[in-house]
Amino acid sequence: MTDFLTVTSQLSVAPQITEADIERAAAEGVKLIINNRPDGEEMGQPLNADLAAVADQHGVKWAHIPVVSGQLTMEGIEQMALAMKEDVKTLAYCRSGTRSCTLWGLAEAFTGGMTTQDILAHAGKAGYDLSGMAATLEHLHANAGG
């Protein structure tokens with residue numbers, strides 16, 4: 001089973017999940033799963049549509065916000081912010097969890113949801129060091145309005 005790392009009371013992030021992880025997430029009260037991986041990123045990776053179908057069988061909403069590793073865009077940040085507006089227990093995943101945590105932090109800053117210090121603290125608590133993004137987080141937060 002994949003580790004779900006708690007970022008906030010409403011968000012956990014994880015590396016690649018499986019069908020069994022979706023079942024577990026649903027049992028733990030997750031209402032939304034966000035896939036931040038493009039299909040075909042890695043050989044053997046489950047297809048988005050296949051995992052989305054499993055989530056649907058368990059009554060879990062699914063969002064596919066594919067972001068190529070190392071190529072974060074404002075469109076991806078805006079889509080992540082929009083998905084998280086539902087304010088439900090959410091699991092976001094990518095290859096390692098880092099991309100999902102980073103997108104979460106950027107989306108929080110973009111919407112003005114959290115200060116840079118809070119974003120860094122929550123990410124750090126989950127084991128992700130986003131300090132290299134501090135200036136970007138500050139800029140997004142200062143211009144929040146998403």
Side-chain angles (χ1 to χ4, degrees), residues 1-114 116 118-120 122-134 136-137 139-141 143-146:
M1 287 256 169
T2 304
D3 286 335
F4 299 168
L5 302 170
T6 302
V7 179
T8 70
S9 61
Q10 292 291 79
L11 177 77
S12 294
V13 297
Q16 178 65 58
I17 62 172
T18 64
E19 291 182 13
D21 292 320
I22 293 169
E23 184 176 340
R24 179 178 134 223
E28 291 178 6
V30 169
K31 301 295 183 201
L32 171 66
I33 296 176
I34 302 171
N35 174 5
N36 294 128
R37 295 189 83 182
D39 276 340
E41 185 175 55
E42 178 175 66
M43 187 168 285
Q45 169 189 338
L47 292 175
N48 178 70
D50 293 344
L51 293 179
V54 172
D56 187 55
Q57 292 170 2
H58 290 282
V60 176
K61 289 184 179 181
W62 189 270
H64 189 209
I65 305 170
V67 175
V68 175
S69 183
Q71 297 181 26
L72 297 172
T73 64
M74 276 309 299
E75 181 181 358
I77 295 166
E78 290 168 356
Q79 289 177 354
M80 189 75 165
L82 184 61
M84 293 188 325
K85 273 189 175 182
E86 292 204 32
D87 197 30
V88 296
K89 192 166 181 183
T90 301
L91 173 65
Y93 78 92
C94 59
R95 190 187 59 75
S96 69
T98 302
R99 192 175 344 164
S100 293
C101 190
T102 301
L103 270 171
W104 160 80
L106 292 167
E108 282 291 335
F110 174 70
T111 61
M114 275 189 198
T116 297
D118 286 343
I119 292 167
L120 296 177
H122 282 283
K125 180 181 68 171
Y128 297 97
D129 180 4
L130 300 186
S131 61
M133 304 285 300
T136 302
L137 293 168
H139 175 77
L140 287 172
H141 191 268
N143 296 289

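Note that the structure is a prediction, hence the values are computed from the model and not measured.
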Taking everything shown except [X] itself, do over 12 heavy atoms lie less than 6.0 Å from its [atom1]?
X     : atom1 : result
Glu78 : CD    : yes
Glu75 : CD    : no
Asp3  : CG    : no

State, with a plain yes or no, whether a side-chain heavy atom of Thr2 is found less than 4.5 Å away from one of Pro15.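 They are in side-chain contact.
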Are side-chain heavy atoms of Lys31 and Lys61 found at a separation under 4.5 Å?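 With C-beta onward as the side chain, the pair stays apart.
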For the pair Arg99 and Glu41, find out whether any cationic side-chain nitrogen is under 4.0 Å from an anionic carboxylate oxygen.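 Here Arg99 pairs with Glu41 in a salt bridge, since their nearest N and O are under 4.0 Å apart.
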Does a side-chain N-to-carboxylate-O contact under 4.0 Å join Lys89 and Glu28?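 Answer for the salt bridge query: no.
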Quickly, which of Asn35, Asn36, Thr90 forms a side chain to side chain donor-acceptor pair (under 3.5 Å) with Ser100? Name it, please.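 Single pass found, and it is Asn36.
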Using only heavy-atom distances, determine whether the side chains of Gln16 and Arg95 contain a donor-acceptor pair under 3.5 Å.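 Side chains of Gln16 and Arg95: no pair found under 3.5 Å.
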Results of side-chain hydrogen bond (donor to acceptor under 3.5 Å, both in side chains) for Gln57 - residues two or more places apart only: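 Checked Gln57 against side-chain hydrogen bond (donor to acceptor under 3.5 Å, both in side chains); zero matches.
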From Ile34 CD1 over to His64 NE2, what is the distance, rounded to the nearest 0.5 angstrom?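 Between atom CD1 of Ile34 and atom NE2 of His64 there are 11.5 Å.
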Just verifying a value: how many Å separate Thr102 OG1 and Leu72 CG, rounded to the nearest 0.5 Å?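 Rounded to the nearest 0.5 Å, the OG1-CG separation comes out at 6.5 Å.
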